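Since the structure comes first, as structure tokens, the remarks are kept for the end.
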There are 2 protein chains.
Amino acid sequence: MSRTEKKVAQLALDNPAVVSEMTIKELAAASNVSTATISRFVKRMNYANYREFTMALAHTAAAMTPQQSSFPELAEGDSLATIANKTFRFSVNSLRATNDALNEDDLARAVLKIINAKTLAFFGLGGSSIAALDGYHKFLRTSLNVVYHPDYDIQLMQAAKMTADDCAIVISHSGRNHETLQIVRELTRNGVAIIVITSYSGSELAQAAAVTFLSLTDEVKYRSEGMYSLISQLTILDSLFMMTVLRISSRTQPVLTRVRDVIEHTRDES
Amino acid sequence: MSRTEKKVAQLALDNPAVVSEMTIKELAAASNVSTATISRFVKRMNYANYREFTMALAHTAAAMTPQQSSFPELAEGDSLATIANKTFRFSVNSLRATNDALNEDDLARAVLKIINAKTLAFFGLGGSSIAALDGYHKFLRTSLNVVYHPDYDIQLMQAAKMTADDCAIVISHSGRNHETLQIVRELTRNGVAIIVITSYSGSELAQAAAVTFLSLTDEVKYRSEGMYSLISQLTILDSLFMMTVLRISSRTQPVLTRVRDVIEHTRDES
DNA sequence: CATTATATGAAAAGAAGTTTCACATTTCAA
DNA sequence: TTGAAATGTGAAACTTCTTTTCATATAATG
């Protein structure tokens, strides 16, 4: 791409919303190149004509706008409905970010470890105990042998009992909680396959894991992250659960009934 | 609006995506009117020119598309990543539906009852115990006097102890669980203010409530709804929590430090 | 250093969109 | 019912926008 074309591209990428409204003349004037160059440029970019190009820009701009406005900081004059809206919006953004960070490879390895485990144990303390409890509750509905107890000492004892045939799902927002790390060291010593769900990939916890899933929030600074990562953690567990059930049932049953099977296994009347 | 203009409008509304890509000539041909008429028509619609009109169409088309594709049914050949994506998408849709069902009035009444309660107790059994636990965990961080115990018998005893000065948040997906209803009857007898989070507005549970919040999923038929309503329940609780903290701190502190305060109060290192 | 390839803008050519104007249709009052 | 005024419409002129051509400049290559 040549220098002049870069100027145009930069302008378009910087504020697609504005450029998408411009005529080719205006854009030419704004970027100090001729209309001819722009016309050629958009064709090089595989758009049929300038109009198609601006349409595409408008689309990306529309797709980006929610991102820009996706830091719903609670402001002074917010009504209750606004606070609720922002809370929901923030949850949605967290889910999106978490989803984007997932990859097929990790999922495949995690599911393999889960369905081959003699025992599947959940570990989580403090705020993360809720996610661990949810994971336990979900996987109870499968044929797997699952274990979870909210008490730290019992979790530690459970970790000590486990072997290389087992699988542990460890949840911790920060990845720095001492008790959680103690459990992980015990698990590592016993050669247990560890699947970690945390928000920080650099933590010691993430290092020890065979597979790490990141529960992200798209705005970390001004917020109590722990609150929003919970929802991401739950949905990661949910994904693992769905995949596991589909895989387990596929061993024994024709494919067509599998999805229905998931539903039956997960009916909840509470 | 004249007859010819209606033809154009109809065409544009029926498939905005297609029309937004058309030139004025093509649209003229497609709707059997002259280009002049269309040009006048878009001006009557308060668009500066035809180009602006097509842009607007493209926008509405873009806004409509995600709605159409928002029922991510798990299909036979789905890869693991696809299963995960659909799970996340479904969670997002559930949150959106739940958010849309909220209204300022209910929120205001709920927050009032919460901050004036001498004791705030959470009730939830089975799958909903997770949401109840999360609510308890969140509100522990406030100055309120909060109570929750996973055991049914203890929940029932707790309900028996409560008075008209207290507030109960009862969570149940179906709203039909017998034990939960037993608790609610006890609460009602004692005149306790009841806030209900459930997925079915018609349930007996919802009838007994002072305020009902609906945790919705936008596709009910083919799914295990309980799983997705959990995330909606959590975010409703989260909203209530945020509103409560902001309200409580506003009694004693200047407004500017409030938001910061929320963050401090909710830091979570687990 | 000459030669070829590539990039660029001015201007011509071609499309797209708008306005004008003449004619048709409808509305409304007599 | 009828004629005048108002409104709606398309063809064509006109304007504006976009693309292509062509001559020139710049960079790359042997």
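Below, read A as the first sequence line, B as the second, and so on, with proteins coming before strands; counting in each chain starts at 1. Bear in mind the structure is a predicted one, so any value in this text is a computation, not a measurement.
In summary, the side chains of S199(A) and H173(A) do present a donor paired with an acceptor at a separation below 3.5 Å, with no hydrogens or angles considered.
Residue contacts shown for T35(B) include a base, since a base heavy atom lies under 4.0 Å away.
Closest approach to the K43(A) side chain among dT20(D), dC17(D), dT9(D) is made by dT20(D) (side chain taken as heavy atoms from C-beta onward). Closest approach to the A36(A) side chain among dA16(C), dT21(D), dT19(C) is made by dT21(D) (side chain taken as heavy atoms from C-beta onward). Listed nucleotides dG10(D), dT19(C), dT18(D) differ in distance to S39(B); the shortest reach to its side chain belongs to dT19(C). The side chain of R3(A) has dA27(D) as its nearest neighbour among dG10(D), dA27(D), dA10(C). Taking every side-chain heavy atom of T23(B) into account, dG17(C) is the closest of dG10(D), dA7(C), dG17(C).
Taking atom CD1 of I38(A) as the reference point, atom P of dC17(D) lies 13 Å away to the nearest angstrom. One atom, CZ of R40(B), and another, C1' of dT9(D), lie 6 Å apart when rounded to the nearest Å. In this entry the distance linking CG of N32(B) with P of dT9(D) reads 13 Å, nearest Å. Protein atom NZ of K25(B) is 13 Å distant from nucleotide atom P of dA12(D), rounded to whole Å. When the P atom of dG17(C) is taken as reference, atom CE of M55(B) falls 12 Å away, rounded to whole Å. Atom C1' of nucleotide dT18(C) and atom CD1 of I24(B) are separated by 8 Å, given to the nearest angstrom. Remark: P of dG8(D) and CD of E5(B) are 7 Å apart, rounded to the nearest angstrom. Remark: P of dT19(C) and CZ of R44(B) are 14 Å apart, rounded to the nearest angstrom.
When side chains are defined from C-beta on, D238(A) does not count as touching F88(B), because their heavy atoms never get closer than 4.5 Å.
Between the CE atom of M243(A) and the OG1 atom of T87(B) there is a distance of 7.5 Å, given to the nearest 0.5 Å.
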Set out, in order, the CA-CA distance, both residues' side-chain angles and the distance that settles side chain to side chain contact (heavy atoms under 4.5 Å, CB included) for N99(B) and L95(B), then state yes or no. CA-CA 6 Å; N99(B) 186 26; L95(B) 284 178; over 6 Å; no
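Of the residues near DNA chain D, T4(B) and R51(B), the one whose nearest nucleotide (by heavy atom distance) lies more toward the 5' end is T4(B). Taking for each of V33(B) and E26(A) the nucleotide of DNA chain D with the nearest heavy atom, the 5'-most of the two is the partner of V33(B).
When all heavy atoms of R44(A) and E5(A) are compared, the pair lying nearest together is NH2-OE2, 3.0 Å.
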